[in-house]
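This report refers to the structure that appears directly beneath it.
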Amino acid sequence: MNHIQQVFLQSIMKQQQQEKQQQVKQEENGQKQNIQYLQKQQLLSIIQQCQQQQQPIQQTSKSSTLIEVQNQVTSFFQKIILQKQTINLNNLLDQQLPYFLQIMGNLIIYGLENSPGEKEFVQEIISQYKSNPLKITMSCSLFQTIGLLFRSQLVYYDQSTKYLANFLLFRDDFCDIFFNTLYCYSITHGQTFSQQIGFTQLNQMIKKTQDDVWTAFIFKMLSQQQQKMTKDMFLLQFNQYTVSMNNFFTKSNLIMDLVAQSVKQTAKLHNDQIFQEYLLIMGSFKATTQDFLKKATQVFFEESNDLDLLQFSSNIIKIHKQMNCQILFILPMLFQLESQYLDHLVSNGVQDQQPVKNSSNYYLKMIEKLKDKCVYNGEEECNCKKCQCIRRNRNSAKESQKKKREALEKIGPLQDEYDKIQKKVKSLEKENQVITKLLLDVFRHPSLEKLASQFIEPLTKILADQESFNIDEC
């Protein structure tokens, strides 16, 4: 290759590299545009909900109400999202709470301080929230907007705030599940009802102050806040719950990302206990989901087609003991685990200096293996490639077993006859051995020893012929 050809080849390679770089940039820009579009769509739906909430308030009362103030705070946050401004927070709360509640509380106070509502009423709310943040409540639109703020990474308190973008409570696929399960009705001036989710309920879920907190949460989720849950409702909601949790484990999530990050970064990020718990939860979900559904349906609805919270509580303890797992509690367990890990990150700090020397790589490999495992394990309900492959293997195994059975059925009678013949042959062989021995003993006698040569050979031939005759007869 001459110099001109080398130069020409180098120019072509450079051009290809530039084209690849441009393609990567275009893909990244496309992904960013898609994310921005989704965020705008989410924001528009929240604004519509907020406007619907504001209409009855304006008709019923002229004075400010909590719902009205919440809507003003929601509108303020929505403008920040549209303008892509960053909120810098300081801690104004007197009480120590889990990290995510601490940031949420300060964010809501920040919104109240910048709302255009009646100053006296707003200041009264702020002072209550500062002294006792567990009194903080949020409407649906406010809660969704706060989740969108964190997902957009427009809130800064410290180095750990960025992890809230992928926190379970604020994810767009779980935000509605938590609100629709935990909300309570609040009555304000003018007999106005509103659905509110409070810091008290969220804190109880993390602290698990009562044994039945998670049970009540799961019952409300599966029954859609109804007093009783029917069999059809359970099957439908459990299927949706399975799909949601499967998507959670398959896609990027807070702990999985931090496990991958801890492999590359520092031992400060590493926490064996939390990684082990996450791996156990994920493994339990992947291994026993369909078995649990069959068992739970039998136990829950053995006597009637519906059940209340009390019946559900007693049965769920029984099922979890029998199955040696806690599948229905996976969502609250993950919520608690992520909150604990955020607190762990805050207390230990996030540093990017030392190379990691821990077992995080083991957890990452195990998580990657479990990600590929489908919870349906070949059941007809799922049509993914893994389940199709399992079904094909099962069908081929059944087909081979069927052929073996058919072959054995055909061979069976022949085998019986063969066994009979073998028995006859063995008995004849024994008889011949006995007769031969007797004859030999007789001809060893001194008086008959001279005649032995004349009789033994013919007798041996006779015995041999008799043996072959008996075999042929068989």
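For reference, positions follow the sequence shown, starting with 1.
For the pair Asp173 and Phe248, the minimum side-chain heavy-atom distance is 4.5 Å or more. Contact check for Ser339 versus Pro98: side-chain heavy atoms found under the 4.5 Å cut-off. Between Glu302 and Asn315, the closest side-chain pair of non-hydrogen atoms is not below 4.5 Å. Contact annotation: the side chain of Tyr157 approaches that of Asn91 to within less than 4.5 Å [non-hydrogen atoms, C-beta and beyond]. Contact check for Lys130 versus Ser127: no side-chain heavy atoms found under the 4.5 Å cut-off. By the 4.5 Å heavy-atom criterion applied to side chains, Gln102 and Leu93 are counted as neighbours.
Using the six-membered ring where Trp is involved, Phe76 and Tyr110 have ring planes that are tilted, between 30° and 60° apart. Taking the six-membered ring where tryptophan is involved, the planes of Phe300 and Phe234 are perpendicular, since the angle between them exceeds 60° and thus also 30°. Phe100 and Phe170 have perpendicular rings, their planes meeting at more than 60° on a 0 to 90° scale where under 30° would count as parallel. Using cut-offs of 30° and 60° for the angle between ring planes, the Trp214 and Phe329 rings count as perpendicular. Relative orientation of the Phe179 and Tyr183 rings is parallel, given thresholds of 30° and 60° on the angle between their planes.
With hydrogens and angles ignored, the 3.5 Å screen pairs a side-chain donor or acceptor of Gln201 with a backbone N or O of Gly198.
The environment of Gln227 atom CD is sparse: at most 12 non-hydrogen atoms of other residues, nucleotides or ligands sit within 6.0 angstrom.
Remark: Asp176 engages no residue in a salt bridge (Lys or Arg N to Asp or Glu O under 4.0 Å) (not counting sequence neighbours). For Asn395, there are no side-chain contact (heavy atoms from CB on, under 4.5 Å) partners two or more places apart in sequence or in a different chain.
Judged by distance alone, the side chains of Lys162 and Gln153 never bring a donor and an acceptor atom under 3.5 Å apart. Looking at Thr200 and Asn203, their side chains never bring a donor and an acceptor atom within 3.5 Å of each other.
Rounded to the nearest 0.5 Å, atoms OH (Tyr99) and CE (Met104) are 13.0 Å apart.
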